[in-house]
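Side chains are part of it too, since the values below use all heavy atoms of this structure and drop only hydrogens, waters and symmetry mates. Chain naming here is simple, since letters A, B, ... match the order of the sequence lines and numbering starts at 1 in each.
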Number of protein chains: 2
Amino acid sequence: MTGRVALGIDGTRTIQEGRARDGCGREGNDACLQCNLGDLAFCHGLPEGELRGLMSIQGCVRTTPQDTLFNEGDRATYLYSPLSGAVKIYKLMADGRRQITGFFFRGDLFGFSPNGLHGYTAEAVTAGSLCRFPAAKMELLYPDSPVLAREVLRRSMIKLAHFHEHTLLLGRKSAPEKLASFLLTLSQRAVERGDSASPVLIPMGRSDVADYLGLTIETVSRTLTKFKASGLLELPNPSTVALRDPAALRRIADGGI
Amino acid sequence: MTGRVALGIDGTRTIQEGRARDGCGREGNDACLQCNLGDLAFCHGLPEGELRGLMSIQGCVRTTPQDTLFNEGDRATYLYSPLSGAVKIYKLMADGRRQITGFFFRGDLFGFSPNGLHGYTAEAVTAGSLCRFPAAKMELLYPDSPVLAREVLRRSMIKLAHFHEHTLLLGRKSAPEKLASFLLTLSQRAVERGDSASPVLIPMGRSDVADYLGLTIETVSRTLTKFKASGLLELPNPSTVALRDPAALRRIADGGI
DNA sequence: CGCCTCCTTGAAGTGCCTCAAATAATGTGG
DNA sequence: CCACATTATTTGAGGCACTTCAAGGAGGCG
């Protein structure tokens with residue numbers, strides 16, 4: 001009964017309820033006790049009473065790569081927090097141009113909506129599992145859960161800060177600056193999750209990287225090759241990057257003169 | 001005693017406390033009663049008790065063009081909501097490249113920070129006045145002001161939605177698509193504030209528009225000229241745009257095939 | 001009126017994109 | 001486990017949208 005997948009009318013796979021062993025699936029009382037996020041969890045440190053309210057509405061889903069969690073325009077039913085794996089969110093234009101607006105990993109939180117509708121599509125990058133909470137029930141909790149409400153606000157402010165940074169990247173940085181920034185951010189986020197800084201795993205394909213940075217896959221590939229030739233990094237395989245000279249990458253990322 | 005300005009150590013002008021007649025300046029009890037924002041105000045509709053808490057910490061500043069409200073890296077002391085005028089926020093790179101990440105008008109809210117430091121600089125585009133609230137005192141209000149806390153969260157989610165849209169614009173749209181999107185958004189926001197949709201005022205200069213859209217001033221100017229030649233709009237003066245064919249602009253903005 | 005700033009227009013350059021193909025990685029059925 | 005099919009990534013050549021550099025108008029203000 002784990003990771004069942006149903007085909008949507010358009011043939012894309014859509015996740016269903018999950019039942020599994022990594023803390024995912026045990027709905028209700030003991031689910032959060034098995035959560036392995038530790039202090040990465042947005043519910044970490046909640047007072048007893050608030051946590052109980054959250055646990056009572058907590059659910060879980062598992063994903064396989066390319067599973068769609070929700071589509072742009074869908075009712076914003078759930079808030080999600082990955083336990084493992086990676087998720088991307090993106091917007092599409094009529095002619096197929098795509099802009100990925102975010103990647104989410106262990107402990108992140110996404111699915112916010114100001115108007116009850118999702119403004120973007122969410123799709124799994126890798127297999128994994130996500131903790132999720134019904135948005136409507138969540139809102140009912142806020143008035144009596146000040147710490148929870150405060151933490152959700154803090155998370156959304158962190159997202160806003162990321163967007164300011166990414167807006168600068170998209171609007172004003174060159175391709176090498178974009179790639180250097182991207183790799184360093186991936187590395188830093190890996191560290192925050194407790195993973196290693198240097199052999200960084202790039203779970204998404206070149207096409208996802210390109211659509212996140214406002215480039216083409218060819219430019220992404222060429223730029224990485226150039227970095228490799230300069231001794232800035234190594235690419236043992238397309239999805240692993242060893243940062244050989246993070247300081248130099250930092251200078252490039254910041255437009256060092 | 002209105003709109004006094006002090007020179008910062010770098011010679012840029014920095015706003016000081018204001019005292020004035022448009023609802024700005026009367027600190028304390030009666031300030032909010034004179035507020036002319038109506039339902040645009042983020043404090044609109046707050047229950048009596050919550051509003052009283054807000055009023056007790058409310059303050060006001062006036063700006064003249066190019067006044068700096070705060071710099072990137074400054075302590076995030078205040079949250080701001082313009083009563084009149086326009087404000088831009090931006091990030092700078094070491095070599096001077098600039099990305100404007102937002103414009104704020106009557107009723108908007110800005111100054112959020114997840115870590116106590118501003119991640120961007122805020123500068124007045126025009127003369128005007130802003131309602132402001134000490135961030136630290138604001139946070140003390142949240143636990144006992146669920147409606148206020150909810151509204152601040154809602155505002156930050158609206159900002160997030162704007163960023164998703166703007167990220168798509170920066171990463172994937174052509175110059176004409178960017179300009180068409182920008183003009184339509186300005187127009188729509190004017191309507192939301194109760195202003196006219198079509199002769200739209202563009203309070204910021206070409207250089208601000210360029211730095212917001214990730215273009216150069218030359219490209220902005222050329223593209224507007226092209227739109228004018230196509231009969232899509234008229235430019236009675238550089239800061240006024242009459243949208244002659246909003247539907248066509250919409251098609252362009254969306255990448256109509 | 002003259003100066004300054006902002007905006008517009010022109011000409012040339014370039015960084016990234018598009019189109020095209022080779023190579024590497026991944027998965028699959030026998 | 002291997003041969004093959006499929007997909008992802010890399011590499012190459014040429015083109016174009018936007019930038020850069022440069023100069024000419026148009027208001028605004030003392």
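- Taking both residues in full, the closest heavy atoms of B:Ala253 and B:Ser181 are given as CB-OG, 3.4 Å, listed atom of the first, atom of the second, then distance.
- Using bins of under 30°, 30° to 60° and over 60° for the plane-to-plane angle, the ring pair B:Phe70/B:Phe110 lands in the tilted bin.
- Here the OH-CG distance, from B:Tyr78 to B:Leu69, works out to 11.5 Å after rounding to the nearest 0.5 Å.
- Checking A:Pro238 against B:Pro238, the closest nucleotide of DNA chain D that is more toward the 5' end is the one next to A:Pro238.
- Across all strands, B:Leu215 comes closer than 4.0 Å only to sugar-phosphate atoms, never to a base (heavy-atom distances).
- A distance-only check finds no donor-acceptor pair linking the side chain of B:Ser187 to the backbone of B:Leu183 [under 3.5 Å].
- One distance of note links CD of B:Glu123 with OG1 of B:Thr68; it measures 4.5 Å at 0.5 Å rounding.
- Note that the first and last nucleotides of DNA chain C, 5' to 3', having any atom under 4.0 angstrom from a heavy atom of chain B are C:dC7 to C:dA11.
- The CD1-P distance, from A:Ile202 to D:dA8, rounds to 16 Å in whole Å.
- Less than 6.0 angstrom separates the ring centroid of B:His166 from the ring centroid of B:Tyr212.
- To the nearest angstrom, P of D:dC18 lies 19 Å from CZ of B:Arg97.
- B:Leu213 places its CG atom 15 Å from the C1' atom of D:dT19, with the value rounded to the nearest Å.
- For the pair A:Leu224 and B:Thr216, nearest-nucleotide mapping onto DNA chain D gives the more 5' position to A:Leu224.
- Under a 4.0 Å N-O distance rule, the pair A:Arg189/A:Asp108 qualifies as a salt bridge.
- Both A:Asn237 and B:Thr219 lie close to DNA chain C; mapped to their nearest nucleotides by heavy-atom distance, the more 5′-ward contact belongs to B:Thr219.
- For the pair A:Thr225 and D:dT10, the criterion of a side-chain N or O lying under 4.0 Å from OP1 or OP2 is not met.
- Take the nearest nucleotide of DNA chain C for B:Arg222 and for B:Met204: the residue whose nucleotide is more 5' is B:Met204.
- At a non-hydrogen distance threshold of 4.0 Å, nothing from residues 169-185 of chain A comes into contact with DNA chain D.
- Taking a cutoff of 4.0 Å between a charged side-chain nitrogen and a carboxylate oxygen, A:Asp211 and A:Lys88 do not qualify as a salt bridge.
- In this structure, the CD1 atom of A:Ile217 is 8 Å from the C1' atom of D:dA8, given to the nearest Å.
- If you take CD of A:Glu218 and P of D:dT10, they are 11 Å apart, rounded to a whole angstrom.
- Nearest approach of B:Ile89 to B:Ala122, heavy atoms of both residues: CG2-CB, 3.8 Å.
- Rounded to a whole Å, the CG atom of B:Asp211 is 17 Å from the P atom of D:dC18.
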